[in-house]
Amino acid sequence: MTTQNACWTERLQQVMPWGSSTCSKAPRFAPEEPRVIVRGKGCRVWDADGREFIDFRNALGPITLGYGFPAVDAAIREQLDSGIVFGHPHPLECEVAEALCRAIPCAEQARFLKTGGEALAACIRLARYVTGREHIVQLGYNGWLNSLAAGGALLPGQQTASAPPGIPAALSALHHSAPWNDIAALETLFAAYPNQIAAVVVAADYASMAAGATFYPALRKWTQEQGSLLVYDEIVTGFRVAVGGVQEYFGVRPDLAVFSKGIANGMPLSAYVGRREIMAALDKMIVSSTFAGETLSLAAAKASLRTYETEDVIGHLWRQGETLWSGLNALFARYSLPAQARGLWPCPQITFSGSDSGLTREAFFRAAYRNGVSLYDVSYVNFSHRDADIAETLERLETACKEVAQTR
Ligand SMILES: Cc1ncc(COP(=O)(O)O)c(C=O)c1O
């Protein structure tokens, strides 16, 4: 039988490489995995054939409050009546920047763009300008625009051995990849490029994020000693482990930081924030984009930030995350599956071990989809996952684990 899902896949693959504009959204485990999502509400999404999934992909991060969250949607609708984007700044630009400066420890000033990678590119250029140095050290994935290092992340969780395709060798040579929680590796890089490293840009390693308690202080000390800037990629961690991200959670301030997913409950917005004296260099070093101050996203951000202020969103993400992911770990143990949800409860990574880890991973994800649970390697609860949703998820995942165990 030809399903609506299958028709869309065929059409997408005809007209679009990957069949998706976002590589990580291209379905790999069809037919169990939904191929197109047509609707979301709260913590659930529906595919083109009407199949319902309890969703933990959350658009790969941006949905923190829930799909169609009433206060955010109302703010977008209200702003729509006044206009989307203008030829001068809008008051919302000021209000949201002020709110970010109140909420984020390192933020003395803030400025907007549309995507996370773009805002990190702005920080990288800023760091080069203020330090007068050219080399950049990167930990983890910082978006496609900045995936330039040989040995670095090409996509989340995917390394490249040589300069990425399409990147000139001379440009790639200015970017260096370093592992998470390895100060010795940084020392080696800094020794190889003395007084040449402008910034260390850090995205947390989700499975091992607890190591941030000692790693971030060590990074702060090291970069200060070396005269390099410390830039946090808080694109996943912001508005999740704490409103102000890992810098609030672990109590170590970077010089600059980028927030994006989670800032506006799904509307496209990124913010680069940091110390006033560094941000001041933007008067000479130009970053500018037509849509940066687009107001529907800013209205969504204002309503989202207000929700974070008035409701215990972060507490909810931690509590529901703990119930779900520790419950899943108990299921993995009960059914002897070599898998574990590791990391901090608001953004853990589901990891698989053993010689057939790839097969176990595929079998588990397929079984989860078959039973109506949509997961990703890094999965999240949102503010709309209520107790009953978590209990229902664990029931569905128990069936999934049982099915995987039976085929091993
Ligand atoms: C840690 C991290 N940094 C940067 C990015 C890039 O953000 P964007 O896709 O909005 O450019 C992502 C996207 O997945 C990410 O997870």
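One-based numbering, in listed order, for ligands and for the atoms of each. Index from 1, following the sequence.
The nearest pair of heavy atoms linking Pro164 to Leu148 is CD-O, 3.3 Å.
Checked for salt-bridge contact, Arg39 and Asp47 miss the test: no charged N lies under 4.0 Å from a carboxylate O. Note on Glu294 versus Lys114: salt bridge recorded, some NZ/NE/NH1/NH2 to OD/OE distance being below 4.0 Å. For the pair Lys25 and Glu33, the salt-bridge criterion is not met [side-chain N within less than 4.0 Å of a carboxylate O].
Cation-pi contact between Arg57 and Phe53: absent, since separation from the ring centre below 6.0 Å together with deviation from the ring axis within 45° is not met.
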Could you check ligand 1 for N or O atoms lying under 3.5 Å from protein N or O atoms and list the pairs with distances?
from: ligand 1; atom 1: 3 (N); to: Tyr141; atom 2: O; distance (Å): 3.2
from: ligand 1; atom 1: 3 (N); to: Asp233; atom 2: OD1; distance (Å): 3.3
from: ligand 1; atom 1: 3 (N); to: Asp233; atom 2: OD2; distance (Å): 2.5
from: ligand 1; atom 1: 10 (O); to: Gly116; atom 2: N; distance (Å): 2.9
from: ligand 1; atom 1: 11 (O); to: Gly117; atom 2: N; distance (Å): 2.8
from: ligand 1; atom 1: 14 (O); to: Lys261; atom 2: NZ; distance (Å): 2.7

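Within a 6.0 Å radius of CZ in Phe86, other residues, nucleotides and ligands contribute more than 12 heavy atoms.
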